[in-house]
Structures are given as C-alpha cells and as structure tokens.
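These notes are about the structure you will find just below.
Atoms within a ligand are numbered from 1 in the order they appear, just like the ligands themselves.
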Amino acid sequence: MGLALAAIMKGYKLICVLADKQSKEKMDILRAVGAEVHVCPTNVEPDDPRSYYSTSKRLSEEIPNSWYVNQYDNPSNCKAHYQSTGPEIWKQTEGKVTHFVVGVGTGGTISGVGTYLKLQNPNVKIWGGIDTYGSVFKKYHETGIFDENEIHSYVTEGIGEDILPLNVRFEVIDGFTKVTDKDAAVYTRRLAKEEGMFLGNSAGAAIKGLKQIHKEHGFTKDDVVVILFHDHGSRYVGKFFNDEWMMEKGYINQDGSYPEDDK
Ligand SMILES: Cc1ncc(COP(=O)(O)O)c(C=O)c1O
C-alpha cells in the first residue's frame, strides 16, 4: 500500500505479485490505488517459475527500467524499522521496554526494531518471533536446520515463510513460538469482540503467541511488553470476520462459540 501511494505521487507504475491465499480485499484495495496485481499459486515451491517469488523476479528482469523491490532481501526493509519503529517504541515507553513481541514474515519489523532496542539496552528480550505451522523459522532458529519437511501451506496471512529471507536476523531474536491457523483465526475475532481492536489476522496470531510465551516464560508485573500489530481488520471481512467461512474451516462452532485453544 505504501509503495502504491508513493508510485502515484512519483508517476511510477507498480506491479504487485501476491500468492492466491492472500485475502481478496488486499488485491482489490491495491487495484483501487492503481497497482497491477498478479496472483500466483501458493502451493508451489519457492523456486517454481509459477511462485510469487519467481514471478516478481522474472517480471523485474523482463520489464525495461523496472526495479525489483524484493522485500525479503532488500536491507531497506529492516533499516526502515531500525530508523522509525524502533526509536518510536523506545521513546514512547521512555526506555522502559523489556520485551518485544511481533509476527515474522520478511523479518524487517523484528530485525529492525530488535537491533535498535538491543543497542539501547542489551537486556531487552525479543521473544516475539511469532511463527506459523508450515514455516521454517522456529526450527531453524533453534537448531540451524532448514527442514523442508516442515513446509506446508497454511491459512494465516502475513507471517511464516518457506524461505530464509535476509531480513530475518536470527541473532537478534531470543525465541520463536508457533501459533496454529485456528488459534490465530479465533484470536483475530476475539481481539475485535472482546477488546474492540479490529485488526488483521497476524495480530490474532501475535496476541495468541504472547499468551503462549507468558505460559512458557512468565512475565513479571514490572515487565513492559510491547506487541506490534501489523494491520487493520477491514482487509479480512470476507474471511476471519465472516461466520460462514470460519465455520467451514472449523474455526468457530455452529453455535458461534469458539473451540478450545490448540496450545
Ligand atoms: C499482515 C502482516 N503481518 C505481519 C507481517 C510480517 O512483518 P515483517 O515482514 O516485517 O516480518 C506482514 C508483512 O508484510 C504483514 O503483511
């Protein structure tokens, strides 16, 4: 969205390449602000020519005078969070932040914020690598093994990966926790209904991940825990905020109640 708005101001053409698991609203909103949207299959290997990774790279090579954003490996992604989000959190907590929790996709947010906060205070814990089942991050962080057997498609949008983006700086992350698709979906709904926070699906994963971290490590009353939510709920009204879709997936019961948490 940011690039689409900048492209309008600069007079550039923006081509966005998305996987077909992304919500329809995201595609429609990008088209509404003038972007050309290419939709690629989710269920293919990253180096398959049909994948959104390969397609975006190919288009940038084929189209003269084009520039490949490459959000996964472009260091400007992490740098933007180092220069803006990190200092914002430090300033707003008056340097009292003790823990940072956030979902990890490209890694730009966690790595930029984590690097900045640890430079201010090396005791700050970056526990919030919130990951998904189907993604390689947690195991790679804990063992150094990139386990292809872990890779499968999943519903949660925005976090987890089947590649190791250069923007994930594993050395600044203290721990990952994995949240199931069902729990992420349920907590996306609960944030809206119980807290009045109408947020995206990765926010649901993040808040459930925070609960899991608390269960595992236990926060004290003096801890200042910052959690970052990446987007708002209006991009998900056809999925996580739609009862029929939620019931079809088995994420809510027929009477509208929530199933037990997975973890
Ligand atoms: C909705 C949503 N949540 C979480 C993330 C993960 O953030 P990052 O890519 O900085 O790791 C993204 C990334 O684009 C996202 O779109």
Side-chain angles (χ1 to χ4, degrees), residues 1-5 14 16-27 29-30 35 37 42 52-53 56 69-86 88-89 100-117 126-132 134-138 140-141 154-170 172-173 175-179 181 183-185 187-188 191-192 197-210 226-241:
M1 272 303 287
L3 289 174
L5 303 183
L14 179 71
C16 294
V17 185
L18 283 82
D20 57 10
K21 68 174 259 185
Q22 300 291 334
S23 73
K24 186 172 175 301
E25 291 90 330
K26 287 183 187 170
M27 299 168 193
I29 294 168
L30 285 170
V37 175
T42 306
Y52 73 104
Y53 308 102
S56 49
V69 176
N70 190 5
Q71 60 178 339
Y72 294 103
D73 301 326
N74 184 337
S76 296
N77 175 355
C78 179
K79 194 172 160 194
H81 291 287
Y82 180 83
Q83 290 179 336
S84 61
T85 324
E88 195 177 308
I89 292 170
F100 181 59
V101 175
V102 70
V104 184
T106 67
T109 315
I110 199 162
S111 306
V113 172
T115 305
Y116 181 85
L117 293 181
I126 312 298
W127 264 348
I130 308 297
D131 195 12
T132 52
S135 157
V136 296
F137 290 148
K138 184 171 190 287
Y140 184 79
H141 183 250
Y154 51 87
V155 174
T156 305
E157 292 187 40
I159 60 170
E161 276 303 330
D162 52 359
I163 56 166
L164 295 173
L166 291 180
N167 274 307
V168 184
R169 295 195 185 156
F170 286 95
V172 304
I173 302 168
F176 280 89
T177 188
K178 278 178 184 269
V179 176
D181 283 338
D183 281 357
Y187 277 78
T188 303
L191 269 176
M197 298 176 84
F198 184 55
L199 301 172
N201 180 220
S202 67
I207 198 75
K208 178 57 173 39
L210 177 71
V226 173
I227 183 165
L228 187 147
F229 298 134
H230 276 101
D231 68 351
H232 53 86
S234 51
R235 294 172 182 143
Y236 305 89
V237 287
K239 291 168 107 180
F240 306 96
F241 295 108

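- Residue Ile159 places no N or O, backbone or side chain, under 3.5 Å from any N or O of ligand 1.
- Environment of NZ in Lys79: sparse, with no more than 12 heavy atoms of neighbouring residues, nucleotides or ligands closer than 6.0 Å.
- Of all the atoms in ligand 1, the ones that sit under 4.0 Å from a non-hydrogen atom of Thr109 are 7 (O), 8 (P), 10 (O).
- The shortest heavy-atom distance from Gly107 to ligand 1 is under 4.0 Å.
- Among protein heavy atoms, the minimum distance from atom 13 (C) of ligand 1 is reached at Gly158 O, 3.9 Å.
- At least one heavy atom of Tyr236 sits closer than 4.0 Å to an atom of ligand 1.
- Contact check on Lys138 versus Asp131 returns no salt bridge, with no Lys/Arg side-chain nitrogen under 4.0 Å from an Asp/Glu carboxylate oxygen.
- Of all the atoms in ligand 1, the ones that sit under 4.0 Å from a non-hydrogen atom of Val104 are 11 (O).
- With hydrogens left out, the protein atom closest to atom 7 (O) of ligand 1 is His230 NE2, 3.1 Å, a heavy atom.
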Test log, rule side chain to side chain contact (heavy atoms under 4.5 Å, CB included), inputs Leu30 and Leu18: CA-CA 11 Å; Leu30 285 170; Leu18 283 82; 4.0 Å; yes
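- Polar contact with ligand 1: absent for His81 (N/O pair, distance under 3.5 Å).
- The 12-atom threshold is not exceeded at OH of Tyr140, counting heavy atoms of other residues, nucleotides or ligands nearer than 6.0 Å.
- The heavy atom nearest to atom 1 (C) of ligand 1, considering only Ser202, Gly112, Gly103, Ser23, is found in Ser202.
- Under the 3.5 Å distance criterion, the side-chain polar atoms of Glu25 are matched with a main-chain donor or acceptor of Gly238.
- Contact annotation for atom 10 (O) of ligand 1: protein present (non-hydrogen atoms, distance under 4.0 Å).
- Scored by the salt bridge (charged side-chain N to carboxylate O under 4.0 Å, His left out) test, Lys24 finds Asp28 as partners (sequence neighbours excluded).
- A tilted orientation is assigned to the rings of Phe241 and Phe198, their planes being inclined by 30° to 60°.
- Within the 4.5 Å cutoff, no side-chain heavy atoms of Val113 are placed close to those of Val102.
- By the criterion of a heavy-atom distance under 4.0 Å, both the backbone and the side chain of Thr106 are placed next to ligand 1.
- Put simply, part of Asp231 is less than 4.0 Å from ligand 1, judged by heavy atoms.
- By the 4.0 Å N-to-carboxylate-O rule, Glu157 lies too far from Arg235 to be salt-bridged with it.
- The ligand atoms of ligand 1 that sit less than 4.0 angstrom from a heavy atom of Gly108 are 10 (O), 11 (O).
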